[in-house]
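Below you'll find the structure, written out as structure tokens, and then a few comments.
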Amino acid sequence: MVSWRIRGEMAEIDVDQNYAGHPTMFSIRMHHGGEFTSFPGRKYIRGKQTFVDLLDIDTFSVHDIDEIMEDLGYASIGKPLYYHFQRPLGDLDFGLFALASDEDVRYLGSFVAKHKLIEVYIEHDKTTLHTYLMSPTHSKVRITEITEPPSCSKRLFLEWHRTPTVDLEDDMDHMEKESGNDPTPTGHLEKDLGNDSTLTDHMENDLGNDATLTDHMENDLVNDANDFGKFGELESDNDKSDDSDFFVDIENILDDINVDMQDFEMNIDKDVEWVGGSSNTVVDEGTHDEALEVINTDFLASDSSSDEGINGQRKKSIRAIQRAHENDEALVSEPFYIFQKFGSAKEFKDKVKLHAIETRRELALEKNDKNRVRWVCKGTIPKLGPNVEVNDEEEICPWVLLASKWKKDVNWTVKTYNKVHKCLQTRTVKACTYKFLSSKIVEQVESNPTIPIRALQEQLQRRFKVDLSRMKTFRAKSEALNLVQGDFVTQYSLLRDYIVELQTRNPDTTVRVDVESEGNTHSETRTFRRIYICLGALKKGFAAGKRDFLGFDGAFMKGPFPGQILSAVGLDGNNGTYPLAYAVVETENISSWTWFLSCLGEDLGLNTNSNFTFITDRQKGILNAIATLFPCAENRYCVRHIQDNMRKQWRGKPFEDLLWTCATATHVQQFNKGMEELKKLNKDCYEWLKKIPPQHWSRSHFTGRAHSDVILNNLCETFNGKLNEGRDKPIITCLEFIREYLMKKIVNVEKAIGKCTGPLTPTAMQTLENIKKKAEDYRSVFCGNGKYQVSGPWMDQCAVDVVQQTCSCRKWELTGMPCKHVVATIWEMRKNSKDVGIPENWVHEVYWLKTWKQVYSFKIEPINGRSMWEKSVCPTTLVPPKHGVTIGRPKKKRRKSAYEIDDMVKGNSASRILQSVTCSKCNNIGHNARSCKGQKASAPSGSGGSGKGKGKAG
């Protein structure tokens, strides 16, 4: 009986928590249908992922994977399958191991106790790895192709033998006999457990009668779904978003399409064209085919026309050939030889430095001028034996290499070479600099920019067998990142060229650059201050969405230069984010927000009389900027940030519930009722909240111009979370990260649209279906003039006007989606043979599927690489802003609010950070009884100075 369960391509659950107390249980994530790229920086591309849970390492075997692959539809393909598993905390270059035998399964089982999610990779038809040729026990390997049992897909099976080879068919027959003619490991286990206990029952008994592992996993999936509604989207384990919401706005759950930005690469450095090529690679002229002897015919050439000159030159050439070929293997085994040619002194020096690193010798320059370069070895020569005499003069290693060129010659030629070493090898080689190491790890860093310094250090030490400090490895990685991503300072000088390319490839794109004022008007440089970008495709798509609603927010730049990324994000018809414009400014203040909003207003055609709707976090300066530029606009405040401010003085679930009740109230009477309850609970809190105008944070005072009742600014928080990996990169790389994310997002959403059917978007269809279920309990009565009285449970009664398309609950007016009262009215009208259509016909066109298609029909065009950019005609060059170095390590994480700190968990207990501690001995706040030092007791209020706190201090 199969005990495992295929979970499919779902969000990851916390397997470590689900398998707590069960050391043998684990899950696997199978990567199948794809293939591996080449080494180094190996990846698994064009594949799918499937999760398999409820696996027990005590009963797990390779045949289980065969059955899983059969369930996934690979049984009929008839091609061999190769199984590999990734060692936890390892990479795909060095952490893959074969999964083909019981020995391999036992090796996998050594990780299960601490790592509950194992990565398994499948290769189809053929393998490009060497894992199937390496045994963990260094024993013999026999590869046999298995076609039995017929239900399993065809794969290659490896046996690791410490004893003489046994025929695989006999092993299978023996297994069938032991398991009762059941060749699968599950059948064998069921027999061991007895007739009255199956494998599933056995696992359930192990997990306890009160809760099975399946129940735990289902509960976690429910919690994940709740988190989705709470934060707008699920967060992966490796990328925890710093921006999250703490209210559950079920009616406005963001449904954002995922965009994979793990493979983002950007080469914009001036000298980056060689990356990945071989232009700077020195060819080893000493490497030839051993069976082929090559004679350079240039030695036999002569510029003399006389026979005597020809014969003399030929004799010289023959003698040169004899000297060069004294040892027939000289050109094969030695990196240098007499008469070896080099194009330049730098090429010769680089070759010697590489030789010093490969041989681990202390080679040093003794002569270095325009015509001669001489290398000698300064290694240590050992003096061994009891009778060794100590001489005043140290013995010198005889190794020497000299290359020179004639004044009129171009090439450098090796004239002297003594290859004999008498010194010892060393692990400290001066030629092994961080620049040399950076050139060797460019491709690896390009494919995996987040590789840890410790892992990179160990790889380089194993490769070159030299000692490397952590700081040298850090500098090598930083230099490699500069080659791949570009230098932070250099990219500012290339920014104008990038703007020309961006506007050329994307018509109707707006880019504005603001610089610091310069006293010298004749200066050729200008200090960068701000940049604003609004792509032409985004402007057209936003206008096609027909929803005048935008959210504003800012996020810190994490690089060496200060700055903030300001963004304007809208909502599409499927409740997904639609970023419109973004900017990089010096800081968040009135000046920067006014500049950003004025640029945005020009792109959207807004003026002081525009009736637009904005939602903000009340950042520094943004409220004044909106009030100045768009006084007629509706400005909403994010309720989560209002709650953060409330929590500083009034904490507790009653305060949060009443705040949420007032914020979600759709009519004034409901809002006033919630405020009165808050006043009874705490008058000070009521007075504090009353100072915030309700038209900024309560749905009861919103207008219906935006066709959205959103009260949380999680659309901007979601967008900022997507940019987390690009905010620590240089200026152009950061801007390109944002552009590429938006380009991929449009394509991914368009793919999702192609799978949709029906008149409305998927989110709108689901919302309307929920409304229909609630409307079944309501009764509508016609009152004339297109008006209806609708009543339902809990004394809920509203008036609906189908002519004006309004309902007294105001939800239809706020969202553009018919409420439960309107749906009940539509059904009543259909009963009376009125041609009113279905409820979907009464939904605003913002939620129509064809409107959603129109929004994402405008594509962002790709741009060329740095080498193909046109030069900007602007006479001035941009330089980076002034860099102020702060004390300590630069912060990369934002400050957590009081709400987040209170919800922190340390170990198995809740954190007490920011919690007031009262001493039980002296009744003072700020310490506990253990650290009490006999402070003077303070009298509790109303106690008259007596009572608690008057006892003897400890």
Side-chain angles (χ1 to χ4, degrees), residues 14 16-17 20-21 114 220 223 226-227 230-231 235 237 240-248 556 617-618 620 638-662 674-675 677-692 885-954:
D14 191 355
D16 292 333
Q17 181 178 357
K114 296 183 179 180
D220 283 346
N223 294 334
N226 294 334
D227 291 340
K230 186 175 182 180
F231 297 107
E235 299 173 343
D237 293 337
K240 297 293 184 183
S241 175
D242 290 337
D243 303 316
S244 56
D245 297 321
F246 302 95
F247 280 130
V248 182
F556 283 100
D617 298 342
R618 296 195 292 176
K620 297 178 181 179
C638 179
V639 179
R640 193 206 89 179
H641 291 79
I642 296 178
Q643 184 220 6
D644 286 344
N645 295 331
M646 175 190 287
R647 195 177 179 85
K648 295 177 182 178
Q649 303 182 56
W650 304 281
R651 302 183 183 183
K653 194 171 186 301
F655 292 100
E656 299 170 6
D657 293 342
L658 288 177
L659 175 63
W660 182 250
T661 299
C662 296
M675 291 294 290
E677 293 180 2
L678 180 61
K679 185 177 181 180
K680 295 178 182 178
L681 179 63
N682 189 294
K683 188 175 181 180
D684 293 337
C685 182
Y686 166 80
E687 295 295 336
W688 176 86
L689 186 60
K690 188 178 179 180
K691 293 179 182 179
I692 306 176
V885 180
T886 58
I887 299 175
R889 177 174 294 182
K891 301 294 188 297
K892 284 197 172 186
K893 294 183 179 180
R894 68 174 181 88
R895 294 180 180 177
K896 294 185 179 294
S897 63
Y899 192 108
E900 297 170 275
I901 295 177
D902 287 348
D903 288 346
M904 289 175 57
V905 177
K906 290 188 175 182
N908 296 325
S909 60
S911 172
R912 301 187 66 182
I913 298 178
L914 298 184
Q915 297 291 336
S916 299
V917 180
T918 303
C919 179
S920 61
K921 292 184 178 180
C922 66
N923 201 32
N924 284 324
I925 298 176
H927 65 277
N928 55 18
R930 178 178 298 179
S931 59
C932 182
K933 297 181 180 179
Q935 290 91 334
K936 185 178 179 180
S938 60
S941 58
S943 62
S946 62
K948 185 177 179 181
K950 289 293 185 179
K952 184 179 179 180

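All residue numbers refer to positions in the sequence shown, counting from 1. In what follows, every heavy atom counts, from backbone to side chain, and hydrogens, waters and symmetry copies are set aside.
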**Asked** side-chain contact (heavy atoms from CB on, under 4.5 Å) with Gln649: which residues, sequence neighbours excluded?
**Response** Trp688

**Message:** Quick one: does any side-chain atom of Ser931 pair with a main-chain N or O of His927 as donor and acceptor, under 3.5 Å?
**Reply:** no

**Request:** Identify which one of Leu681, Asn682, Leu678 satisfies the side-chain contact (heavy atoms from CB on, under 4.5 Å) criterion when paired with Pro654.
**Result:** Leu681

**Prompt:** Could you state the interatomic distance from CD (Glu677) to CG (Asp657), rounded to the nearest 0.5 Å?
**Reply:** 10.5 Å

**Message:** Between Ile692 and Arg618, does the side-chain contact (heavy atoms from CB on, under 4.5 Å) criterion hold? Intermediate values first, please.
**Reply:** CA-CA 12 Å; Ile692 306 176; Arg618 296 195 292 176; 4.1 Å; yes

**Prompt:** NZ/Lys921 to CZ/Arg930 distance, rounded to the nearest 0.5 angstrom?
**Reply:** 10.5 Å

**Arg647 backbone acceptor or donor facing Arg651 side chain under 3.5 Å** = yes

**Prompt:** Just how far is it from atom CD of Glu687 to atom NZ of Lys679, taken to the nearest 0.5 Å?
**Reply:** 7.0 Å

**Request:** Starting at CG of Leu689, measure out to CG of Asp684 and round the result to the nearest 0.5 Å.
**Result:** 12.5 Å

**Complete:** Scanning both residues in full, the closest heavy-atom pair of Cys662 with Gly674 reads SG-C, 3.4 Å

**Message:** As an exercise, state the distance from CG of Leu659 to CE of Met675, rounded to the nearest 0.5 Å.
**Reply:** 9.5 Å

**Message:** Please give me the minimum heavy-atom distance between Phe655 and Cys685, naming the atom from each residue.
**Reply:** CD2-SG, 3.8 Å

**Message:** Between Cys919 and Asn928, is the side-chain contact (heavy atoms from CB on, under 4.5 Å) condition met? List the steps.
**Reply:** CA-CA 4 Å; Cys919 179; Asn928 55 18; 5.8 Å; no

